[in-house]
Amino acid sequence: MARHLITSALPYINGIKHLGNMVGSMLPADVYSRYLRQRGHDVLYICATDEHGTPAELAAKEAGVPVEAFCAEQHDAQKAIYDGFQLAFDYFGRSSSDENREITQHFARKLHENGFIEERAIRQVFSVADDRFLPDRYIVGTCPHCGYDKARGDQCENCTRVLDPTDLIDARSAISGSSELEVRETKHLFLLQSKLAGEVEAWIDATGEEWPQLASSIARKWLTEGLHDRAITRDLDWGVPVPADTWPELAAEGKVFYVWFDAPIEYIGATKEWADQDPANRDWKSWWYEADATVRYTEFMAKDNVPFHTVMFPATQLGTREPWKKVDYVKAFNWLNYYGGKFSTSQKRGVFTDAALELLPADYWRYFLIANAPESDDTSFSWEHFTATVNKDLADTLGNFVNRVLSFSRKRFGDDVPAGRAAGEAEARLGEQTAELLAEYEGHMEALQFRKAAAALRALWSAGNSYLEEKAPWLEIKTDEEGAALTLRTAMNLIHLYAVVSEPFIPASAAAMRAAFALEGDTAVWVSAEETKALDAVPAGTPFTVPPVLFAKITDDDLAAYKERFGGADA
């Protein structure tokens with residue numbers, strides 16, 4: 001089977017992430033990783049906290065703690081939440097690691113050797129009040145393109161345009177709020193992207209044809225507008241230091257690499273962190289170095305991260321003149337909005353992941369987010385939509401099916417799966433239908449079409465309900481006990497099927513369904529078409545239990561309380 005390297009955009013260290021961050025990168029990457037593992041592939045899913053740059057320093061300053069301590073605490077806090085969402089990373093690292101520093105400095109040296117980095121004197125914003133040069137994110141103001149009045153000096157989060165701090169209107173310091181800013185001369189390192197533009201374009205021509213339109217269009221827009229040389233160092237106290245053996249003057253001045261230079265390299269760095277935990281059995285280079293023929297690399301990210309991953313990072317890799325693995329497929333997502341407005345970490349608008357887990361188990365959120373993933377366009381979260389999805393799909397369609405089948409069977413036939421007669425015409429039709437729906441589900445998962453995959457999974461669940469309504473064992477048992485036993489045995493096999501194939505979406509609930517059956521030797525990781533048609537994985541006589549309610553319905557009172565706490569259209 002294939003080897004699959006999967007990465008999701010690194011979450012910033014400056015606070016707990018919201019649901020939009022979750023659905024835009026980490027959650028779909030987890031769903032895909034789980035699916036591939038079940039299909040027998042060798043999978044390495046890597047992520048990490050992005051700990052360098054202005055956001056970390058500003059957040060640490062606001063918290064009143066040293067930036068190193070702040071990042072360590074926030075890494076643990078974020079990791080605990082991702083564990084709560086059951087994100088099955090193979091490794092969740094830190095961009096402040098020794099491994100990332102080592103590899104980032106290696107990249108910089110190789111780029112310099114090959115003539116793709118040069119030192120330039122530039123004029124940069126200096127805050128008189130703060131007595132320091134201000135990196136791009138330390139400057140806020142009005143975006144000249146869309147008029148957003150809280151744009152940062154590197155990018156407008158409203159229109160996603162990449163900016164230079166001097167582009168901002170009414171610029172001010174993010175540290176002190178002072179508008180007493182001057183432009184002074186300083187020196188920085190520049191990545192000569194202009195010299196690499198042709199190679200990047202050729203690489204995208206060869207690789208990007210199969211990317212979703214969102215990813216390829218953003219990458220080509222950058223290429224059409226022209227790749228400009230970009231400063232890759234900053235005046236900060238926290239970051240990967242410029243190596244003194246190559247740039248002694250800049251190192252003495254305390255220059256560090258720009259966060260967007262070292263953050264993508266952390267995918268490699270985190271893989272080395274993973275390998276360094278067990279060097280006898282793990283080889284990080286087999287995933288990243290001379291790995292083109294053996295590894296398929298898929299990246300997951302929201303659209304604002306696409307330019308850096310499809311243009312800047314590949315340019316960095318190409319410029320080293322070393323055989324680093326470059327991405328094969330970029331799965332980009334649009335925005336998940338909150339009642340039509342943007343989720344925002346900085347403005348604390350929307351539902352954040354820690355609050356989500358306080359309200360309801362992770363599977364509620366996992367299913368809803370993937371079933372409504374913003375793949376083709378922006379989508380909007382509302383409590384009404386969330387409630388309707390949970391109640392209809394999870395509580396009524398899946399949860400109720402599991403509960404009524406197992407409860408009714410225990411009541412009428414005891415604690416073992418009943419035997420009944422051999423499968424008949426209705427069961428044969430059901431087997432064919434479920435095999436077709438499973439194939440559809442597999443096809444959408446292979447194509448990374450998550451909303452369509454969720455719809456196919458929901459159709460699988462609905463097929464069980466339709467079968468149950470057709471056979472009506474609560475009536476059938478009055479005249480045909482053997483027939484009712486067959487119906488319930490078949491339905492229990494559907495529950496086992498659902499447990500296996502639903503695991504990428506709702507792992508905790510899938511485990512509970514599977515654990516309902518005391519099935520010896522149940523090592524199935526997936527279900528073949530023939531096994532699906534047969535529906536005989538759980539034989540008669542297998543002991544079973546009735547699990548607790550898988551999904552509790554969200555009531556009108558719950559809905560009102562959620563809207564009052566988080567805000568909504570009518571709250």
So with a 6.0 Å cut-off around NZ of K452, is the heavy-atom count from everything else above 12?
no
TODO: Report the C-alpha distance between R421 and D480 in whole Å, list the side-chain angles of each, state the deciding distance to 0.1 Å, and finish with yes or no for salt bridge (charged side-chain N to carboxylate O under 4.0 Å, His left out).
DONE: CA-CA 10 Å; R421 67 168 64 95; D480 185 1; 2.9 Å; yes
Discussion item. I'd like to know if the side chain of E476 and the backbone of T487 have a donor-acceptor N/O pair within less than 3.5 Å.
Written reply: no
Taking CD in Q213 as the centre, count heavy atoms belonging to other residues, nucleotides or ligands within less than 6.0 Å. Is the count above 12? no
Exercise. Taking the six-membered ring for Trp, is the centroid-to-centroid distance between Y35 and H444 below 6.0 Å?
Worked result: no
Hits for side chain to side chain donor-acceptor pair (under 3.5 Å) against E520, two or more places apart or cross-chain, chain-then-number order -> none
**Asked** Taking it one step at a time, do Y467 and E427 satisfy side-chain hydrogen bond (donor to acceptor under 3.5 Å, both in side chains)?
**Response** CA-CA 8 Å; Y467 169 75; E427 288 69 39; 2.5 Å; yes
Quiz item: Backbone N or O of P374 within a donor-acceptor pair of the D378 side chain at under 3.5 Å?
Solution: no
| message | Tell me whether R489 contacts the main-chain N or O of V417 through its side chain, where contact means a donor paired with an acceptor under 3.5 Å. | response | no
Can you establish whether the number of heavy atoms outside R412 located under 6.0 Å from its atom CZ is more than 12? no
**Study point:** Pairwise side-chain contact, F381 with V351, heavy-atom cut-off 4.5 Å (strictly under)
**Key:** yes
Those residues at least two apart in sequence (or on a different chain) that pass ring pair (Phe, Tyr, Trp, His ring centres under 6.0 Å) with F544 are none
The complete set of salt bridge (Lys or Arg N to Asp or Glu O under 4.0 Å) pairs with one or both residues in residues 540-551, sequence neighbours excluded, reads none
If you measure from the Lys or Arg side-chain nitrogens to the Asp or Glu carboxylate oxygens, is any gap between D393 and R458 under 4.0 Å? yes
| said: Using a 3.5 Å distance criterion without hydrogens, assess whether the side chain of D558 forms a donor-acceptor pair with backbone atoms of T555. | reply: yes
Legend entry - K325 to W287, cation-pi by 6.0 Å centre distance and 45° axis angle: no
Would K331 count as a cation-pi partner of F333, with NZ or CZ less than 6.0 Å from the six-membered ring centre and within 45° of the ring normal? yes
TODO: Take W284 and E273 through the side-chain hydrogen bond (donor to acceptor under 3.5 Å, both in side chains) test and state the conclusion after the steps.
DONE: CA-CA 9 Å; W284 67 275; E273 291 175 57; over 6 Å; no
What one should report as the nearest heavy-atom pair of I554 and T387 is CG2-OG1, 3.7 Å
Using 30° and 60° as the class boundaries, would you call the ring planes of Y45 and F89 parallel, tilted or perpendicular? tilted
Beyond-backbone contact of K272 with I268, side-chain heavy atoms, under 4.5 angstrom: no
For D396, the side chain to side chain contact (heavy atoms under 4.5 Å, CB included) test, sequence neighbours excluded, returns K553
Q) Taking the side chain from D304 and the backbone from T160, do they hold a donor-acceptor pair closer than 3.5 Å? A) no
* Examine distances only and state if a side-chain atom of S97 and a backbone atom of G93 form a donor-acceptor pair shorter than 3.5 Å. => no
Just checking D556: does its CG atom have more than 12 heavy atoms from other residues, nucleotides or ligands closer to it than 6.0 angstrom?
no
Taking K392 for the side chain and V390 for the main chain, is one N or O donor matched with an acceptor at less than 3.5 Å? no
TODO: State, yes or no, whether a side-chain contact exists between E266 and D50 at a heavy-atom distance under 4.5 Å.
DONE: no
### Message
Could you check whether K285 makes a cation-pi contact with Y289, meaning its NZ or CZ is under 6.0 Å from the centre of the six-membered ring and within 45° of the ring axis?
### Response
yes
Does the side chain of V327 reach to within under 4.5 Å of the side chain of H309, using non-hydrogen atoms?
-> no
Please step through ring pair (Phe, Tyr, Trp, His ring centres under 6.0 Å) for the pair F92 and Y82, ending with a clear verdict.
CA-CA 10 Å; F92 187 72; Y82 304 144; 5.5 Å; yes
Could you go through N372 and H385, starting from their C-alpha distance and side-chain angles, then the distance that decides it, and tell me whether this counts as side-chain hydrogen bond (donor to acceptor under 3.5 Å, both in side chains)? CA-CA 10 Å; N372 297 279; H385 187 199; 3.3 Å; yes
D415 meets the side chain to side chain donor-acceptor pair (under 3.5 Å) criterion, sequence neighbours left out, with none
> Run the side-chain hydrogen bond (donor to acceptor under 3.5 Å, both in side chains) check on E531 and S528 step by step: do they pass?
Replying inline: CA-CA 5 Å; E531 290 170 331; S528 69; 3.2 Å; yes
Exactly one of Y562, Y367, F566, W365 clears ring-ring contact (aromatic ring centres under 6.0 Å, His included) with F386, and that residue is W365
Any donor-acceptor N/O pair, S380 side chain to G340 backbone, under 3.5 Å
yes
Would the Y297 and Y329 ring centres measure less than 6.0 Å apart?
no
By side chain to side chain contact (heavy atoms under 4.5 Å, CB included), T207 pairs with (sequence neighbours left out) W203, W211
Q433 side-chain N/O to A463 backbone N/O, donor-acceptor pair under 3.5 Å: no
Flag the pair F368 / W383 as yes when their ring centroid distance falls below 6.0 Å, and as no otherwise. no
### Message
Pairing donors with acceptors under 3.5 angstrom, does anything connect the side chains of Y441 and E436?
### Response
no
Checklist entry - With a 4.5 Å limit on heavy-atom distance, are the side chains of L430 and L535 in contact? => result yes
Check your understanding: Do F551 and Y364 have ring centres separated by under 6.0 Å?
Key -> yes
Using only atom types and a distance under 3.5 Å, with no angle test, would you say the side chain of R514 pairs donor to acceptor with the backbone of A499? no
**Request:** Answer yes or no: is there a side-chain heavy-atom contact under 4.5 Å between L519 and V538?
**Result:** yes
Quiz item: Is the shortest heavy-atom distance from the side chain of L497 to the side chain of T532 under 4.5 Å?
Solution: yes
Between K17 and F352, is there a side-chain heavy-atom distance shorter than 4.5 Å?
no
Minimal heavy-atom distance between A456 and L437, with the atoms involved, is CB-O, 4.3 Å
